[in-house]
Amino acid sequence: MVKKLFLIFALLLGNCATVQAQTLVFTAIPDQDESRLRSRFDKVAVYLSDTLGVKVRFVPVKSYAAAVTAFRNNQVQLAWFGGLSGVRARNLVAGSQAIAQGEADRHFVTYFIAHADAGLRADAAFPRGIAGKTFTFGSKGSTSGRLMPEYHVRRIFGAAPDKVFSRVGFSGDHSRTIALVQSGAYQLGAVNFKVWENELKAGKIDLKKVSVIWKTPPYPDYQWTIRGDLNRVFGAQFAKRVKAALLALRDPVLLASFPRQRFVSAANADYKPILEIGKSIGLID
Amino acid sequence: MTSTARERAAARGQPSPMVRTSVVFVGIAVLAAFAADIEITTADPWSEFGRMALGAVTPDFTATERLAEAVAMTVAFALLGVTVANICGFALALAFHVRAVRVGCAVVRAVHELFWALIFLQIFGLSPLTGILAIAIPYTGIIAKVYSEILEEADHAPLRIVPAGSSRISVFLFARLPEAWVHFKTYALYRLECGLRSSAVLGFVGLPTLGYHLDSAFRQGNYAEVSALLIVFYIIVATMRRWMHRRLLPVYLIGAILMMPGGVDISMANILRFLGSDIVPFPLRMAQSIDGATLAALGHWTAAMFTEEALPGIVNTLILTMIALVVSGIGALTMFPLISPKFFGKRQRIFGHAVLVIIRSTPEYILAYVFLQLWGPSMAPAIVALSLHNSAIIGHLIGRHTESMKIRADAPRGVNLYAYDILPRIYPQFLAFLFYRWEVILRETAILGILGIPTLGFYIDSAFADVRYDRALFLIIVTAALNIAVDTLSRRIRSRLRLKTTLDNG
Amino acid sequence: MALFDLHDVSARYNGRVVLDNISLCIAEGERVALVGRSGAGKSTLLRLLYEQCAGTASLLPQEPGLVRTLSVFHNIYIGRLNRHSLWYNLANLIRPLNKEVDAVRAIARRMGIEEKLFEPVGQLSGGQQQRTAVARALYQASPILIGDEPVSAVDEHQARMVLENINENHTTVLIAMHDTTLAIAYTDRIIGLRDARIVLDRPTAGMTPVDLDDLYRT
C-alpha cells in the first residue's frame with residue numbers, strides 16, 4: 001500500500017515536472033457562450049501559434065479569480081480579462097500590459113433589468129424606485145455584472161447594495177441573471193449589455209416579462225493582458241508581436257468567441273477609471 | 001387531576017434519552033425557522049420551468065465536448081483522492097489517541113473540498129495535485145475519525161485470549177483488524193461514492209470533470225445538456241457497486257494515474273508567496289514594521305472582519321444548518337422504506353433506488369437553483385435543497401441497513417411494521433448517521449451563495465473572488481472552528497446516547 | 001508445589017460481593033471443576049486465577065473471543081501467535097502455509113470441524129464456534145487450561161470428546177461447568193461455590209451428582 005502511494009506521487013510529480021517551457025498559454029474569463037469553449041478557443045490558439053511561430057495552448061478556467069490567479073502564477077501568460085479582473089491581474093503582476101480590446105469595450109454598458117411586476121419603466125435617469133426590491137448581480141468578480149452596477153447603486157443611494165435592496169443575490173452568470181429576473185425570482189438584475197442583446201436576438205427573452213429600465217454610462221471593459229516578462233523566454237518584442245497578431249485578427253469565426261468585430265489597441269491607462277471605482281467601493285485593497 | 005396525569009405519565013415511563021434529544025433538536029429547528037429568512041415570492045417561474053422540464057426529457061448527449069474524458073476524469077480523481085485518503089486515514093486512525101492527530105484531522109475535515117481546491121489552485125494551478133489533494137485531505141480527516149471509531153467499536157473479546165508474548169502488531173492483525181476490515185470496506189465504498197460527487201463538484205472550480213461542463217451548461221440554460229450530464233453521472237454512481245471490484249482496483253488506479261494531465265509546473269516561488277504573503281492579513285502585509293499603528297490597524301481589520309462577515313455568517317450558517325438537519329432527518333425516515341426489502345418488492349425497489357440516486361447525486365446548488373426559480377430568493381430553497389440531498393444519503397444508508405435486519409415471520413406489515421418494529425430498531429443508527437451529517441450539512445451551506453444568503457461560505461467565496469486570500473483564510477479558520485464545535489457536540493451526544501458508527505445486524 | 005495460591009481474596013462487582021474471603025490452593029497436575037449456580041462467582045474466580053498465572057495458560061472465556069470475520073484456521077492459529085515472527089504471522093494471514101494448515105487441520109479434525117476450516121467463524125453454529133475456541137486453546141498447548149463453561153453449547157457426546165482432549169493436552173485444568181456428571185467424570189477435584197463462598201472442596205473419587213445437589217438448592 002505504501003509503495004503504491006509513492007508510485008502515485010512519483011508519477012504525479014514526474015507528470016507535473018515536465019514543464020512545457022516554450023509554450024505560450026492563454027486563457028479567457030468564462031463570461032459569454034461557454035458551449036464548446038475548448039474547440040473554439042483551440043482555433044484561436046492555432047491562429048496565434050501560426051502567426052507567432054511558438055507553441056500556443058488554451059486552458060479553460062471557471063472563474064474570474066481563477067483567471068487572475070493563473071496569470072499571476074505564470075501558468076498563463078496571456079489572458080482575455082474583464083475590466084476588473086484585468087486591473088486586479090495587472091496590480092498583481094508587475095510589468096504586465098493591457099494590449100488590445102474590442103471596439104465595444106471602450107464604451108461598455110450595463111443594463112439594469114426588471115421584471116414586469118416590479119412596476120418600473122425605462123428611464124434615462126437612474127431609477128430610484130429600485131430601492132427595497134430584490135436584486136441580483138451576476139458573478140462576484142464581473143465588471144458589468146457587479147462592479148459598475150454596485151458603483152452606481154452606491155453613488156445614488158450612498159449605501160451598500162444589501163442596505164438598499166431587500167435582498168441581494170449573485171447569480172454567477174449573465175444568462176442566469178436574465179433567467180432569474182424573467183421568472184420573477186428576483187425583481188431586478190444587472191447584466192452585461194452584449195449578453196442581453198445576444199439572448200434577445202436568440203429569442204430567449206420575453207419583453208413582456210423582463211425589460212431594460214436603465215443603462216449605465218459607458219465605461220472601459222474587456223481587454224487582452226500580457227505578462228511583462230515574456231521577451232526573455234520568447235525573444236525580443238514578443239509582447240508587441242502578440243499585440244500585432246491580435247490586432248490583425250480578422251477571421252469572424254475566431255472573433256465570434258469573444259464576441260467582437262475586431263480588436264483595437266489598448267493600454268493600462270485606459271482602465272484607470274475601473275481601478276479607482278474598484279478601490280472606492282472596496283473591491284480592491 | 002394533575003397528580004393523576006403525572007401518575008399516568010410515570011406509569012407510561014419517561015421518554016428515552018434518544019426521543020428527548022430528538023424533541024430538543026426539533027424544537028431548536030422550529031425556533032430557528034422563526035429567525036430564518038423564509039419568504040415565498042412567486043412570479044412566473046413556469047416558462048423557465050418548462051425549459052428545464054423539456055431539457056430533462058430530451059437529454060442531448062452530443063452537446064458536451066470531450067464527454068468521455070470528463071467521465072474518466074471524474075472517476076480518476078475520485079479513485080486517486082479516496083485511495084490516498086484511505087491509506088493516510090487508516091494510518092492516522094491507528095494514532096488517533098494522540099491529541100494532535102485528532103485535532104489535525106478535525107481541522108482538515110472542517111474545510112469543504114471546494115475551498116481546499118480553491119487554496120490549492122493558488123499554489124498548484126489546475127494541476128492534478130489540486131484535485132487529488134482537495135479530495136484526499138478532507139477525506140483523510142474523515143476516514144481517520146471513522147476508522148478509529150470502527151476499531152474502537154470492534155469486538156475486544158479476542159484480545160483476551162491471544163497468548164501472552166505475541167507481538168503487538170500480530171495481535172492487531174489477527175484480533176483487531178479482521179473485525180474492523182469488513183466495516184472499512186463498506187465505508188470505503190461509501191466514501192468512494194462521496195468521492196465521485198466531490199470530484200464532479202470540483203469541476204465547478206475548473207477541474208476537467210463532469211461538473212465543469214455541468215456548470216457551464218447550467219449557467220447558460222442548456223438544460224438538454226444538463227440532463228444528459230446528470231444522467232451520465234447518475235449512471236456512474238448507480239453502477240458503482242458493479243464496476244468497483246477490489247481486484248480491479250490496481251488496474252483502475254494505474255489507469256487513473258496515466259490519465260492525469262501533465263504540463264503544469266509546481267513553482268516554489270508561488271507556494272512561498274502564497275504562504276508568506278498572500279494569506280497574511282492586509283495591514284500586516286502592508287506594514288513596514290510591526291509598531292503600534294500596525295497592530296491597531298490589524299485589530300481594526302480583525303474586528304471589521306468579525307462583525308461584518310464572520311458573525312452574520314455564523315448566525316446564518318447555524319440557522320440554515322439546524323433547520324436543514326431536522327428536515328433531513330424527517331426526509332430520511334420517509335425515504336428509506338423506498339429501498340428497503342421489508343416494505344417493497346424487488347421491482348419497486350429499483351424505482352426507489354433510482355429516485356434516491358437522483359436526489360443524492362444532483363449537486364445541491366442545482367437543486368437550490370430549481371427551487372429558487374419556484375419560490376424566489378430566501379432561505380427556503382437552500383433548506384429544501386440541502387435537506388433533500390442529505391435525506392437521500394441518510395435514507396440510502398438506513399435502507400441498506402434494513403436489508404440485513406431479521407424480522408419475525410409473523411411480524412406486522414406496512415405502517416405497523418414501520419412504526420412498531422423497523423423504526424424503533426433503526427432509530428439509534430438513524431440518529432448516529434444524522435449527527436454525522438450535521439457537520440457535513442454545515443460545510444455544504446457554503447455553496448449556496450447564489451441565493452443571496454450570507455453564510456460563512458458565501459463570504460469565503462467572495463474573498464476568493466476578490467483575490468483576498470487573507471480574508472478567505474480568516475473566514476476558513478472561523479468556519480473550521482465552528483465545524484469543530486459542532487463535531488464535538490455531535491460526538492458528545494452520540495456517546496451519551498451510546499450511538500455507534502458501525503452497523504450491527506439484528 | 002502450589003501453582004495457584006489465593007489467600008483471603010474478596011471481589012466486588014457493581015457494589016455486590018461476588019467473592020467473599022476465598023482461600024484456595026491448586027497444585028500442578030490437578031484437574032479441578034468449579035461448580036455452582038449462575039452468579040455464584042465462578043467466572044470471577046477463574047479470572048483471578050488466570051491473572052495469577054500471568055497469561056501462561058490457555059484461556060477459554062464464556063464469550064469465546066473468536067474473530068468472527070476470520071476463518072476457523074486463522075482463529076485456531078491465533079493460539080500460537082507468540083511463537084512466530086511478525087512476518088511469518090502476516091504471511092499466514094494472507095495465505096496460510098501448508099505446514100501450519102496441516103498442524104491446525106489435525107486439531108480441527110479432532111474437534112469435528114475440519115470441513116469448516118476455511119469458513120468465517122461468524123457463519124458457524126454456536127457449537128461449532130465453541131469447538132473452534134477449544135481447538136485454539138488446544139493448539140496453544142500451554143500446560144495450564146482455564147475454561148469457563150467450555151462445553152455449554154455442545155451435546156453430551158461432543159462434550160465428552162472435548163473434555164477428553166482437554167485432559168490429554170493440558171497437565172493442569174481448571175474449568176467451570178454446570179453438568180455435575182461430566183464434572184465428576186473428567187476432573188479429580190470439585191470446588192463448589194455458593195453465595196460468593198467456597199462451600200465444598202473435595203476429590204471426585206467416589207462422588208455422585210446427588211452429593212452436589214445442595215449447591216443448586218434454593
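Hydrogens, waters and symmetry mates play no part in the numbers below; they use all other heavy atoms, side chains included.
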Is [X] in contact with chain A via its backbone, its side chain, both, or neither, using a 4.5 Å heavy-atom distance?
X        : value
B:Arg471 : side chain
B:Phe204 : backbone
B:Tyr469 : side chain
B:Ala269 : neither

On a heavy-atom basis, which atom in [X] and which in [Y] lie closest, and how many Å separate them?
X        : Y        : result
A:Ala179 : B:Glu48  : CB-OE2, 3.5 Å
B:Pro377 : A:Ala185 : CD-O, 2.6 Å
A:Leu283 : B:Arg468 : C-NH2, 3.3 Å

Original post:
After noting the C-alpha distance and the side-chain angles of B:Leu372 and A:Tyr186, does the key distance pass the side chain to side chain contact (heavy atoms under 4.5 Å, CB included) rule?
Top reply: CA-CA 9 Å; B:Leu372 169 64; A:Tyr186 281 95; 4.3 Å; yes
Original post:
Does the side chain of A:Thr134 reach to within under 4.5 Å of the side chain of B:Glu39, using non-hydrogen atoms?
Top reply: no
[X] versus chain B, heavy atoms under 4.5 Å apart: side chain, backbone, both or neither?
X        : answer
A:Lys209 : side chain
A:Glu199 : neither
A:His115 : side chain
A:Ala70  : neither
A:Arg88  : side chain
A:Ile284 : backbone

Original post:
Do A:Asp42 and B:Arg66 meet the salt-bridge criterion of a basic N to acidic O distance under 4.0 Å?
Top reply: yes
Original post:
Can B:Gln122 and A:Thr69 be said to form a side-chain hydrogen bond (donor to acceptor under 3.5 Å, both in side chains), step by step?
Top reply: CA-CA 6 Å; B:Gln122 315 311 323; A:Thr69 304; 3.0 Å; yes
**OP:** Determine the option with the most heavy-atom pairs under 4.5 angstrom with chain B, choosing from A:Pro60, A:Ser85, A:Ser139.
**Re:** A:Pro60
Rounded at 0.5 Å granularity, tell me how far [atom1] in [X] sits from [atom2] in [Y].
X        : Y        : atom1 : atom2 : result
A:Ser63  : B:Phe464 : OG    : CZ    : 10.5 Å
B:Arg51  : A:Lys204 : CZ    : NZ    : 8.0 Å
A:Gln75  : B:Ser127 : CD    : OG    : 8.0 Å
A:Arg146 : B:Ser462 : CZ    : OG    : 6.5 Å

Original post:
Taking every heavy-atom pair that is under 4.5 Å apart, which of B:Val205, B:Leu121, B:Asn86 has the most such pairs with chain A?
Top reply: B:Val205
Original post:
Can you tell which of B:Gly221, B:Gly206, B:Ser216 has the highest number of heavy-atom pairs within less than 4.5 Å of chain A?
Top reply: B:Ser216
**OP:** Ignoring hydrogens and angles, state whether a donor on the side chain of B:Arg273 or A:Asn73 is under 3.5 Å from an acceptor on the partner side chain.
**Re:** yes
Original post:
Looking just at side-chain N and O atoms, do B:Tyr369 and A:Ser171 make a donor-acceptor pair shorter than 3.5 Å?
Top reply: no
Subject >> Expected output: side-chain B:Glu65 to main-chain A:Ser39 donor-acceptor under 3.5 Å >> reply: yes
**OP:** Look at the side chain of A:Lys140 and the backbone N and O of B:Asp466, then say whether any donor-acceptor pair between them is shorter than 3.5 Å.
**Re:** no
Original post:
For A:Lys62 and B:Leu207, what are the C-alpha separation, side-chain angles and deciding distance, and is it a side chain to side chain contact (heavy atoms under 4.5 Å, CB included)?
Top reply: CA-CA 9 Å; A:Lys62 262 292 171 215; B:Leu207 283 148; over 6 Å; no
